[in-house]
Amino acid sequence: MRNRSGYLAILMAEICMSALMLIANSSWAAEWWLTPSVRLGEEYNDNIILTTVSYPTVYGTLFSPRLDLGVQSDIWQVSSGAEVVRKNYSYINGLDRDDEFYTFSSQYKTERATWHLDGNLSHESVLADKTPDSDTGLSSLKRERKTSGVAPSWTWMMTERTQLQLGYQLSSVSYVDGLSVGFYDYTSRAVSASISNQLSLQDQVFATLSYSNFDVPISSFESKTTSIQGGMTHAFSDSLRTTLLAGIRETASDGIVRQCIKTEEYFIFFDGKLYGPYTRCRQFADVTVSQRDFGSLFSAKLEKQFEITRLSISLSRSLVPSGSGTPVQTETLDLLLNRPFTPMLTGILSVNAYDVRSNTANIADTNRTLYQAEPKLRWQWTEEWLIDMSLRYSHLKRSNDPTTATGSAVFLTLRYQGPRMSISR
């Protein structure tokens with residue numbers, strides 16, 4: 001049975017917060033609301049695990065119900081969401097999965113301050129066909145990942161133009177049989193303090209000081225990072241806006257990092273054919289590291305609204321937690337183009353590039369580059385029903401593999417977004 005202690009702790013915190021706010025003033029008017037939704041889909045994928053050798057084409061089906069609900073008043077709100085994603089694939093054993101996602105959010109406002117408490121819990125499969133994160137492409141084999149997190153924050157309006165925000169984030173990640181493919185359970189903590197000032201209607205400046213701790217208990221590895229960043233947002237016009245952020249970090253890492261020193265080949269027998277060979281790590285070596293390094297951080301975003309087309313481009317470099325056993329420096333480029341053809345039909349193009357590098361010296365097993373492009377047609381059939389049809393192309397290059405993995409996938413998804421049902425009291 002799956003461990004839901006993190007989910008229960010977050011849920012109890014949300015319930016207690018909601019109860020306290022309701023008890024504090026029973027005269028507050030509140031609105032209770034609920035929104036159901038469901039997705040049904042079909043998928044064709046010619047390389048779902050992004051391997052560099054031949055792999056059978058798979059056909060998949062998707063069923064995903066979701067429920068969002070909450071209660072709110074003029075000064076506070078508590079909401080939560082739950083989604084289950086059921087995917088079944090033809091022919092290949094071990095690809096079917098049931099993913100679960102839970103989110104929680106609460107907010108309380110006073111005249112000059114705002115408190116937030118957010119939480120999340122998920123149980124999902126790590127595979128290359130999902131939206132890229134710090135684990136995508138690290139392994140071609142599916143592994144179950146459990147994630148729980150909580151993030152309280154406090155924002156104070158110092159003046160009409162200046163605000164201070166203090167935040168804390170705690171995240172715990174574990175894997176089912178992860179060590180066999182190089183996934184390590186870890187805990188990540190971060191505290192931050194940000195101050196921003198609205199110079200004018202067009203300009204806002206901000207600065208952030210943060211500290212984070214990345215801990216891998218099984219290997220006694222710990223990494224501590226201190227960073228400072230500053231930036232600004234400028235609106236050139238109602239249709240053009242840019243945000244620039246840059247800074248530096250100092251990272252101290254100590255402990256043991258495992259490196260693959262011996263691999264083995266294996267084969268998959270499917271439909272009367274033998275596929276492979278595939279490669280996986282058979283033996284690891286412990287490498288002791290003790291280092292202090294410096295690096296740069298940045299983020300840039302441009303948003304442009306043309307007459308009927310909307311364009312968004314962002315570029316960033318960050319140091320993020322990873323199941324590889326060390327933090328990884330991730331450089332990301334995202335492009336999103338949205339163009340309505342008719343009131344009901346919209347074209348969407350997304351292009352994403354990810355470059356992932358371990359920041360620990362001489363540990364390169366995790367280094368990889370991933371490119372994805374996905375054109376999509378969206379038909380808003382009715383207010384509640386929409387249909388998405390998309391084609392995705394993926395390109396993955398791992399630093400420890402001389403060959404490149406490519407894959408193509410076609411998706412057809414039908415989504416029903418139920419009407420918001422609410423009761424005011």
Side-chain angles (χ1 to χ4, degrees), residues 120 122 126 130-139 143 145-151 167-175 178-179 181-192 208-229 245-260 281 284-299 315-333 353-370 396 398-400:
N120 67 84
S122 65
V126 180
K130 307 194 71 170
T131 302
D133 58 25
S134 60
D135 289 340
T136 300
L138 183 59
S139 171
R143 285 296 180 270
R145 178 177 64 186
K146 302 177 183 179
T147 303
S148 61
V150 62
Y168 174 77
Q169 292 182 328
L170 170 63
S171 180
S172 178
V173 179
S174 62
Y175 304 87
L179 285 177
V181 294
F183 285 127
Y184 300 87
D185 299 353
Y186 67 86
T187 300
S188 176
R189 301 174 178 86
V191 293
S192 62
T208 300
L209 177 66
S210 63
Y211 170 82
S212 63
N213 178 278
F214 174 82
D215 181 41
V216 185
I218 196 171
S219 61
S220 301
F221 180 85
E222 187 176 27
S223 181
K224 303 175 182 179
T225 299
T226 303
S227 66
I228 183 170
Q229 299 184 74
L245 180 69
I248 58 173
R249 63 165 178 84
E250 179 188 18
T251 302
S253 302
D254 294 281
I256 297 174
V257 176
R258 289 188 174 184
Q259 191 170 24
C260 183
C281 189
F284 292 90
D286 292 339
V287 179
T288 302
V289 298
S290 180
Q291 70 175 43
R292 185 181 302 271
D293 72 291
F294 297 85
S296 61
L297 304 170
F298 63 82
S299 175
L315 177 67
S316 66
R317 173 187 291 164
S318 58
L319 189 69
V320 298
S322 166
S324 63
T326 70
V328 293
Q329 178 176 283
T330 303
E331 296 182 354
T332 305
L333 172 64
Y354 305 86
D355 185 75
V356 180
R357 305 282 163 179
S358 171
N359 82 310
T360 306
N362 301 321
I363 306 299
D365 291 344
T366 65
N367 297 351
R368 59 201 184 276
T369 303
L370 174 65
L396 175 65
R398 298 181 175 92
S399 61
N400 58 359

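Position 1 is the first residue of the sequence, and the numbers go up from there.
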Exercise for review: Can you sort out the partners of Tyr175 under side-chain hydrogen bond (donor to acceptor under 3.5 Å, both in side chains), two or more places apart, ordered by chain and number?
Suggested key: Asp135
Practice item. Start with the C-alpha gap between Glu222 and Asn213, add the side-chain angles, then the distance that decides, and say whether side-chain contact (heavy atoms from CB on, under 4.5 Å) holds. Key: CA-CA 7 Å; Glu222 187 176 27; Asn213 178 278; 2.7 Å; yes
**Study point:** Spacing of OH belonging to Tyr168 relative to CZ belonging to Arg189, to within rounding of 0.5 Å
**Key:** 5.5 Å
Practice item. State plainly whether the residues Asp133 and Arg145 are in salt-bridge range, i.e. N to O under 4.0 Å. Key: yes
Check your understanding: Between Thr187 and Asp215, does any side-chain donor sit less than 3.5 Å from a side-chain acceptor?
Key -> no
Review point. Do Tyr184 and Ser324 touch side chain to side chain, with heavy atoms closer than 4.5 Å?
Key: no
Check your understanding: Looking at residues at least two apart in the chain, or sitting in another chain, which of them share a ring-ring contact (aromatic ring centres under 6.0 Å, His included) with Tyr186?
Key -> Phe214
Revision key, fill the gap. Residues Ser322 and Ser134: closest non-hydrogen pair is OG-O, 3.6 Å
Review point. Taking only residues at least two apart or on different chains, which pairs with a member in residues 316-332 satisfy salt bridge (Lys or Arg N to Asp or Glu O under 4.0 Å)?
Key: Arg317-Glu331
Check your understanding: Do the side chains of Ile256 and Phe221 get nearer than 4.5 Å, heavy atoms only?
Key -> no
Practice item. Flag the pair Ser139 / Val126 as yes when at least one side-chain heavy-atom distance between them is below 4.5 Å, and no otherwise. Key: no
Exercise for review: Mind checking the CG-OG1 spacing from Leu209 to Thr226? Nearest 0.5 Å is all I need.
Suggested key: 7.5 Å
Check your understanding: So, Ser299 and Ser316: side-chain donor and acceptor under 3.5 Å apart, yes or no?
Key -> no
Exercise for review: Check Thr326 against Ser358 and note the closest heavy-atom contact, atom names and distance.
Suggested key: OG1-OG, 3.0 Å
Check your understanding: Would a distance-only check, ignoring hydrogens and angles, find a side-chain to backbone donor-acceptor pair under 3.5 Å from Arg357 to Asp355?
Key -> no
Check your understanding: How about Leu396 and Thr369: do any of their side-chain heavy atoms sit closer than 4.5 Å?
Key -> no
Study note, to complete from the structure: In terms of heavy-atom contacts, Ala252 and Arg292 come closest through CB-NH1, 4.0 Å
**Study point:** With sequence neighbours excluded, residues passing side-chain hydrogen bond (donor to acceptor under 3.5 Å, both in side chains) with Ser172
**Key:** none
Check your understanding: Are the side chains of Gln229 and Leu297 in touch, meaning some heavy atoms are under 4.5 Å apart?
Key -> yes
Revision key, fill the gap. Arg249 meets the side-chain hydrogen bond (donor to acceptor under 3.5 Å, both in side chains) criterion, sequence neighbours left out, with Thr251, Asp293
Check your understanding: Is Ile248 atom CD1 crowded by more than 12 heavy atoms from other residues, nucleotides or ligands, each under 6.0 Å away?
Key -> no
Practice item. Any chance you could measure Leu319, atom CG, to Ser227, atom OG, to the nearest 0.5 Å? Key: 9.0 Å
Check your understanding: What heavy-atom pair brings Ala151 and Gln169 nearest, and what distance separates the two atoms?
Key -> CB-CG, 3.9 Å
Review point. Are Leu138 and Phe183 side-chain neighbours, meaning at least one heavy-atom pair lies under 4.5 Å?
Key: yes
Practice item. Can you sort out the partners of Asp185 under side-chain hydrogen bond (donor to acceptor under 3.5 Å, both in side chains), two or more places apart, ordered by chain and number? Key: none
Practice item. Would you give the length of the straight line joining atom CG of Leu370 to atom OG1 of Thr136, rounded to the nearest 0.5 angstrom? Key: 7.5 Å
